[in-house]
Amino acid sequence: MRDFAAKVESVDGDKVVLDQTAFNPRGGGLVSDTGTLNGSRVVEATKDGDVVFHRLDAPATLKLGDPVKGSLDWDRRYRIMRMHTAAHVLSSVVNGETGALITGNQISPDESRVDFNLENFNRDSMSVYIGKVNQAAARGLDVRTYFLKRDEALSRPGLVKLANAAPPSVDTLRIVEIGDVDTQADGGVHVRNTKEIGTVVGLRTENKGRNNRRLYFTVQ
Ligand SMILES: [Zn+2]
């Protein structure tokens, strides 16, 4: 969804809360969407509990109850979706090849990075993994999203990879399934089919400690 209609629920200086929003707030390693509310620039969306705050570049002139047309900066958002889906395929490939798990990630429109708990990782192994990622993406796998009760999700091995992805207060989890490549609990934005990822390009690797290797990549 690129554009949406909503109503203003509260205004505090440059922060606006709506009754609904298509802005994906910063979190889970993904940068925030940017865009506009009635033409005013949204520089960042953040989340506190279930509430999404849209931060404008100036004090808001909107009032409680005002109808709002929201628009996302779609080119930016679409790149985040492609990068994020690519990161999932990448984590699955590296996990399958080495058993390593993701220990962190930062998904941005231009350049993204994923950290793995790996000891041996270099340019050559990066090329091999990226090659496999591109093979998997080219298979045109559908990305499916559905919801599961927390207990059921936790009973399926491997579904909730990060311990803090399922705090006890959350009783329903959103599951994202990328063909036969990756299934996990995930609140982020993805493309509908891995063909949309395009070509993943490995940029460089970094040594971030004895058991931590960082891989930078982009999509073309
Ligand atoms: Zn994700």
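Basis for what follows: all heavy atoms, side chains included, without hydrogens, waters or symmetry-related copies. Counting convention: from 1, in listed order, for ligands and their atoms alike.
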Among all residues two or more places apart in sequence or in another chain, which pass the salt bridge (charged side-chain N to carboxylate O under 4.0 Å, His left out) test with R174?
none
Between K15 and D48, is there a salt bridge with N-O shorter than 4.0 Å?
no
Do F4 and V68 have side chains that approach each other closer than 4.5 Å (heavy atoms only, starting at C-beta)?
no
Atoms listed for the Zn ion (ligand 1) (protein only, N, O or S, under 2.8 Å, no waters) are H84 NE2, H88 NE2, D186 OD2
Would you check, one step at a time, whether the test side chain to side chain donor-acceptor pair (under 3.5 Å) holds for T218 with R79?
CA-CA 9 Å; T218 191; R79 282 194 62 86; 3.2 Å; yes
Straight-line distance of F217 CZ to R204 CZ, nearest 0.5 Å:
12.0 Å
Taking only Lys NZ, Arg NE, NH1 and NH2, and the carboxylate oxygens of Asp or Glu, determine whether R214 and D115 approach each other closer than 4.0 Å.
yes
